[in-house]
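Report on one structure; see the data block that follows.
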Amino acid sequence: MIKNYILLVSFYILGVSSFAFELPEVTGHLNISLSRLETGFNDSPEGLIFSGGSFGSTHRSTHSAFVVKHSSGNFLIDSGLGKNIDKQFEDFSWMFKPFFSYVKEVPAIESIKELSIDKIFITHLHWDHASGISDFPNAKVFTTAQEKEHAFSDVAKSGVGYLFNQYSSKLIRWGELKLEDKEYGPFRKSLDFFGDGSFIVVALPGHTPGSVGFILNLSQEQRFFFVGDSIWSVKQLNPVAEKFFISKKLVDERPETLLETIELISNISKKNKSLVVVPSHDYPHISKRIPVYPEFLGNKKGQ
């Protein structure tokens with residue numbers, strides 16, 4: 001009884017309903033498709049990724065960006081490692097550089113030269129998500145006001161995760177994600193960005209102050225939930241598990257709130273069988289579900 005009461009209070013704080021974990025059905029034929037871009041990776045023992053992970057197994061943490069073709073134009077979900085990542089990374093604290101080493105692959109801008117990118121939607125502004133935004137000067141970069149305000153704060157500049165040199169340029173065209181008082185499944189607030197049910201923005205607090213998730217509906221049978229760094233592996237959903245304690249200490253702003261977010265994602269995943277939860281750095285899971293550019297999933301083959 002007490003546990004149920006605590007869960008009710010937690011879900012209220014998160015702005016969700018504790019009972020309706022089912023997402024609304026997708027209706028109509030949406031003109032949208034999805035592909036992925038691999039911009040880099042890091043290999044580490046699974047035990048360093050989440051609590052209970054095996055130290056005898058290797059987890060590949062991919063630095064992915066995702067390209068979406070929509071009837072209103074092409075956009076990215078996160079930007080991965082950009083073409084200037086080595087220079088940007090010089091500003092990373094020497095003390096933490098060994099924990100965040102990377103192997104470069106192809107920057108998003110190099111993979112999709114022939115595509116015009118109108119918008120970039122950022123789950124959060126940590127270095128491995130925001131590195132490539134300056135490579136797309138004509139694209140509008142969307143994040144929450146809370147995330148942007150924190151990223152420009154002295155706290156973020158002196159902490160771990162944010163690299164001010166990636167998003168400080170006055171040439172970046174910012175857009176704000178303003179959630180509305182519209183329920184979407186368990187979420188009391190959401191934003192149907194294009195107004196057609198294809199791309200829904202929801203809050204996923206805990207990892208960073210303004211972290212968000214994106215629900216991409218290609219069809220009722222093909223639905224993807226981009227959860228950023230709320231989790232690093234889908235294995236954290238069943239059973240629910242936090243990041244490895246050192247990793248959690250380094251990168252999660254509010255671990256207790258994030259645990260509630262993970263529990264929410266887990267419940268949503270269980271109740272929506274066609275929904276694929278996509279952590280930004282879970283290569284084994286992503287690679288099985290989303291084809292590499294120029295291949296696409298969905299109804300739109302080109303513009």
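This is a predicted model, so every value here is computed, not measured.
Pairing each heavy atom of E242 with each of P255, the nearest pair is OE2-O, 3.8 Å. Counting all heavy atoms, side chain and backbone alike, T261 lies closest to P205 at OG1-O, 2.7 Å. Taking every heavy atom of both residues into account, V277 and H285 meet most closely at O-NE2, 3.0 Å. Considering every non-hydrogen atom in both A151 and L125, the closest pair reads CB-CD1, 3.7 Å. Closest heavy-atom contact between S190 and I200: CB-CG2, 4.0 Å.
Applying the side chain to side chain donor-acceptor pair (under 3.5 Å) definition to pairs two or more places apart or across chains, those involving residues 286-296 are E114-Y293.
Here the side chain of R173 pairs a donor or acceptor atom with the backbone of N138 at under 3.5 angstrom. At least one donor-acceptor pair closer than 3.5 Å links the side chain of S35 to the backbone N or O of P291. Counting only distance, with no hydrogens or angles, the side chain of S230 and the backbone of V227 share a donor-acceptor pair below 3.5 Å. Checked by atom type and distance alone, the side chain of T257 never pairs as donor or acceptor with a backbone atom of G206 at under 3.5 Å. Side-chain atoms of S51 do not come within 3.5 Å of backbone N or O of A241 as any donor-acceptor pair. With hydrogens and angles ignored, the 3.5 Å screen pairs no side-chain donor or acceptor of N267 with any backbone N or O of F21. Formation of a donor-acceptor pair under 3.5 Å by the S153 side chain with backbone atoms of H150 is found in this model. Looking only at distances, a side-chain donor or acceptor of N42 sits under 3.5 Å from a matching main-chain atom of S101. The backbone N or O of G132 sits less than 3.5 Å from a side-chain atom of S79, completing a donor-acceptor pair. Between the side chain of D135 and the backbone N or O of K83 there is at least one donor-acceptor pair closer than 3.5 Å.
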**OP:** Assess whether side chain to side chain contact (heavy atoms under 4.5 Å, CB included) is satisfied between S44 and I49, documenting all intermediate values.
**Re:** CA-CA 8 Å; S44 61; I49 300 300; 3.6 Å; yes
Original post:
Passes side chain to side chain contact (heavy atoms under 4.5 Å, CB included), L250 versus K243? Steps please.
Top reply: CA-CA 10 Å; L250 285 175; K243 296 183 181 76; over 6 Å; no
**OP:** Evaluate the side chain to side chain contact (heavy atoms under 4.5 Å, CB included) criterion for residues V68 and F121: first the C-alpha distance (whole Å), next the side-chain angles of each, then the deciding distance (0.1 Å), finally the verdict.
**Re:** CA-CA 11 Å; V68 179; F121 295 94; over 6 Å; no
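Within a 6.0 Å sphere centred on NZ of K104, heavy atoms belonging to other residues, nucleotides or ligands number 12 at most. Heavy-atom contacts from other residues, nucleotides or ligands closer than 6.0 Å to NZ of K270 number more than 12. Atom CD of E149 sits in a sparse spot, with 12 or fewer heavy atoms from other residues, nucleotides or ligands closer than 6.0 Å.
No continuous path of ILVMFWY side-chain contacts below 4.5 Å connects W232 to I122, so the two sit in separate hydrophobic clusters. Under the 4.5 Å side-chain contact rule for hydrophobic residues, I77 and V276 share a cluster. Linking ILVMFWY residues whenever their side-chain heavy atoms come closer than 4.5 Å, directly or via other members, leaves V212 and W127 in distinct clusters. Under the 4.5 Å side-chain heavy-atom criterion for grouping Ile, Leu, Val, Met, Phe, Trp and Tyr, Y162 is not connected to F92 through any hydrophobic cluster. At a threshold of 4.5 Å between side-chain heavy atoms, the hydrophobic network of Ile, Leu, Val, Met, Phe, Trp and Tyr places V234 and I268 in two separate groups.
To the nearest 0.5 Å, atom CG of residue D196 and atom CG of residue N217 are 9.0 Å apart. Rounding to the nearest 0.5 Å gives a distance of 6.5 Å between CG of N272 and CZ of R223. Atom CZ of residue F214 and atom CZ of residue F225 lie 10.5 Å apart, to the nearest 0.5 angstrom.
Both tests do not hold together for K235 against F50: distance to the six-membered ring centre under 6.0 Å, angle to the ring axis within 45°. The cationic group of K119 does not satisfy the cation-pi geometry with F75, failing either the under 6.0 Å distance to the six-membered ring centre or the 45° limit from the ring axis.
Results of the side-chain hydrogen bond (donor to acceptor under 3.5 Å, both in side chains) test with T208 over H129, H126, Q146, E147 single out E147 as the only residue that passes.
Residues I85 and T39 fail the side-chain proximity criterion, which asks for heavy atoms closer than 4.5 Å. The side-chain heavy atoms of Y184 and I215, taken from C-beta on, include a pair separated by under 4.5 Å. Between L76 and L37 the shortest side-chain heavy-atom distance falls below 4.5 Å. Between V141 and F136 there is no side-chain heavy-atom pair separated by less than 4.5 Å. In this structure, S93 and V160 have side chains that are not in contact, with every pair of non-hydrogen atoms separated by 4.5 Å or more. In this structure, the side chains of D128 and H281 come closer than 4.5 Å at one or more pairs of heavy atoms. Using a 4.5 Å heavy-atom cutoff, the side chains of F226 and L34 are in contact. Side-chain contact between L30 and L218 is absent, with no heavy atoms from C-beta onward closer than 4.5 Å.
Using a 3.5 Å distance cut-off with no hydrogens or angles, the side chains of T123 and D78 do pair a donor with an acceptor. Side-chain contact, E46 with S233: no donor N or O sits under 3.5 Å from an acceptor N or O.
Looking at D192 and K182, no side-chain N of the basic residue comes within less than 4.0 Å of a carboxylate O on the acidic one, giving no salt bridge. Ion pairing between E38 and R36 holds under the 4.0 Å rule for side-chain N and carboxylate O.
In this structure, the ring of F152 has its center less than 6.0 angstrom from the ring center of F164.
Using cut-offs of 30° and 60° on the angle between ring planes, the pair F89 and Y102 is perpendicular.
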